Number of protein chains: 2
Amino acid sequence: MFVEVKYKTMLYSSELIKGTLRTIILKLLCDQQKMYGYEITQTVKDLTKGRIQLTEGALYPTLHAMESEGLLTTEVEYIGKRVRKYYSVSKQGKEKAGEKINEFAEFMETMRVLLNLDLGTLKVQ
Amino acid sequence: MFVEVKYKTMLYSSELIKGTLRTIILKLLCDQQKMYGYEITQTVKDLTKGRIQLTEGALYPTLHAMESEGLLTTEVEYIGKRVRKYYSVSKQGKEKAGEKINEFAEFMETMRVLLNLDLGTLKVQ
DNA sequence: TTTGATACCTAAGAGTTTTATGTATGTTTG
DNA sequence: CAAACATACATAAAACTCTTAGGTATCAAA
């Protein structure tokens, strides 16, 4: 009996991920036009080689909040009897996405200087 | 009447800084051997050109926690009648610092890929 | 038919940070 | 020389975000 090991590297101790969830959601939805919650968790898991695994308890309430803030819009679709709720970015959401991504990029640069990191020699497989 | 503007750029919306406080403290103390709380806030402010301003309400409790976890050691000094509490990293703290900094570097690389950021063209003055 | 994957959701609790205080000394400036 | 500002410590309530732990239901595969 064999167990397939999908990802070699560990999850991040999740404290670092705090505060990045909205940015991640906005970025993905800007690129993909339209995604549903479960799809977002899987896409993030794949794109990060399993290093970031969004929990549904964090994701769904955040999606709901972003919708009520006017950043996202929704449309429901039925796959057989199963419900799927697709999210898209509104015009407001696109603006916010730009701000958030820029802010994160600057934050990374600031932290790189502060922690004296050399990203050129960094190896992450 | 003139108001001196020290920093041109804004503070980060602080959610991003969450989860990085311990890493920052450990890194600074590894470099500087010995620092006191207020000094840490000022050093971080200077090194980040005012972009990251640690609040005392977050810093002091964290320093106390790290001490009780055995990551930091303290020694009190008197400057006139004023008390100064110096913190240093323990052997344990040094190990932790390495782990934390590595983890953060990997996290940054993962986020760079996920958000499709090109750090080469990033301009932060 | 049971397990695992898909797909949504909520609520209690944990953890971290902000905001608001409090105390006190030392320095600068009008 | 008094007021304002900087230095230096500290705590506590509230806010915010995420984890953990549950719940419901459909569909596919073993």
Side-chain angles (χ1 to χ4, degrees), chain A residues 1-4 6 11-25 34-46 50 52-69 72 74-87 100 107, chain B residues 1-4 6 11-26 34-46 50 52-69 72 74-87 100 104 107:
Chain A
M1 199 229 282
F2 294 95
V3 178
E4 191 193 352
K6 280 196 173 173
L11 276 165
Y12 296 118
S13 82
S14 47
E15 47 183 32
L16 289 177
I17 293 147
K18 287 188 182 184
T20 62
L21 183 53
R22 278 156 181 264
T23 308
I24 291 171
I25 292 170
K34 182 181 163 189
M35 291 180 92
Y36 54 98
Y38 188 76
E39 190 184 8
I40 293 174
T41 65
Q42 301 307 305
T43 302
V44 169
K45 203 207 268 182
D46 287 346
I52 297 179
Q53 294 187 21
L54 304 183
T55 58
E56 298 184 316
L59 181 64
Y60 288 116
T62 300
L63 286 173
H64 301 161
M66 290 171 78
E67 187 188 0
S68 75
E69 288 163 19
L72 304 181
T74 56
E75 43 184 313
V76 171
E77 202 170 278
Y78 283 87
I79 308 298
K81 283 181 186 173
R82 202 184 281 164
V83 181
R84 248 186 214 173
K85 200 163 162 189
Y86 278 98
Y87 289 87
K100 283 276 192 186
F107 172 69
Chain B
M1 201 227 280
F2 295 96
V3 177
E4 192 193 351
K6 280 196 175 173
L11 276 165
Y12 296 118
S13 83
S14 48
E15 46 184 34
L16 289 177
I17 293 147
K18 289 187 182 186
T20 61
L21 182 53
R22 279 155 182 264
T23 307
I24 291 171
I25 292 169
L26 287 169
K34 181 182 165 188
M35 291 178 94
Y36 54 98
Y38 187 76
E39 189 183 11
I40 292 174
T41 64
Q42 299 308 304
T43 302
V44 169
K45 204 206 269 183
D46 286 346
I52 298 179
Q53 294 186 22
L54 304 183
T55 58
E56 299 183 314
L59 181 64
Y60 288 116
T62 300
L63 287 172
H64 301 161
M66 290 171 77
E67 186 188 0
S68 75
E69 287 162 21
L72 304 181
T74 57
E75 43 184 313
V76 172
E77 201 171 279
Y78 282 86
I79 309 297
K81 282 180 186 173
R82 201 185 282 166
V83 181
R84 248 187 214 171
K85 200 161 160 188
Y86 278 99
Y87 290 87
K100 283 277 191 187
F104 189 79
F107 173 68

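The shown structure was predicted, so the numbers you read here are calculated from the model rather than taken from an experiment. Every chain is numbered from 1, with letters handed out A, B, ... down the list of sequences.
Across the protein-nucleic acid pair, B:L59 atom CG and C:dA20 atom C1' stand 17 Å apart, rounded to whole Å. Taking atom NZ of A:K85 as the reference point, atom C1' of C:dC9 lies 9 Å away to the nearest angstrom. Spacing between atom CG of B:L16 and atom C1' of D:dT17 amounts to 13 Å, rounded to whole angstrom units. Here C:dA7 presents its C1' atom at 14 Å from CE of A:M35, a figure rounded to the nearest Å. Separating the OH atom of B:Y78 from the P atom of C:dA24 is a distance of 14 Å, rounded to the nearest angstrom. Residue A:Q42 contributes atom CD, which lies 10 Å from atom P of C:dA5 at whole-angstrom precision. Rounded to whole angstrom, the span from the CD1 atom of A:I17 across to the P atom of D:dT19 amounts to 7 Å. What separates CD of A:Q53 from P of C:dT6 is a distance of 13 Å, to the nearest Å.
Closest of all the heavy-atom pairs between A:M35 and A:E39 is CA-OE1, 3.3 Å. What you find for A:A65 and A:R22 is that their closest heavy atoms are CB-NH2, 3.8 Å.
The side chain of A:T55 contributes an N or O atom lying less than 4.0 Å from OP1 or OP2 of D:dT19. Using a 4.0 Å cut-off, no side-chain N or O of A:H64 falls inside it from OP1 or OP2 of C:dC8. Within the structure, every side-chain polar atom (N or O) of B:Y60 is placed at least 4.0 Å from both OP1 and OP2 of D:dA10. Within the structure, every side-chain polar atom (N or O) of B:K18 is placed at least 4.0 Å from both OP1 and OP2 of C:dT18.
With rounding to the nearest 0.5 angstrom, the CG atom of A:L21 is 4.5 Å from the OG1 atom of A:T62.
Picking from C:dA7, D:dA10, D:dC18 the nucleotide with the shortest atom distance to the side chain of A:Y38 gives C:dA7.
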Starting from the C-alpha separation in whole Å, work towards a yes-or-no answer on side chain to side chain contact (heavy atoms under 4.5 Å, CB included) for B:V83 and B:Y78. CA-CA 5 Å; B:V83 181; B:Y78 282 86; 3.5 Å; yes
Run the side chain to side chain contact (heavy atoms under 4.5 Å, CB included) check on A:I17 and A:T20 step by step: do they pass? CA-CA 6 Å; A:I17 293 147; A:T20 62; 3.6 Å; yes
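The residue among B:P61 and B:Y36 whose nearest nucleotide of DNA chain D lies closer to the 5′ end is B:Y36.
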How would nucleotides 23-30 of chain D be written as a contact map, 5' to 3', with B for base contact, S for sugar-phosphate-only contact and - for no contact, using protein heavy atoms under 4.0 Å? ---BS---
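For B:F104, there are no ring pair (Phe, Tyr, Trp, His ring centres under 6.0 Å) partners two or more places apart in sequence or in a different chain.
Residue A:Y87 forms a side chain to side chain contact (heavy atoms under 4.5 Å, CB included) with just one option from A:M66, A:E75, A:E67, and that option is A:E67.
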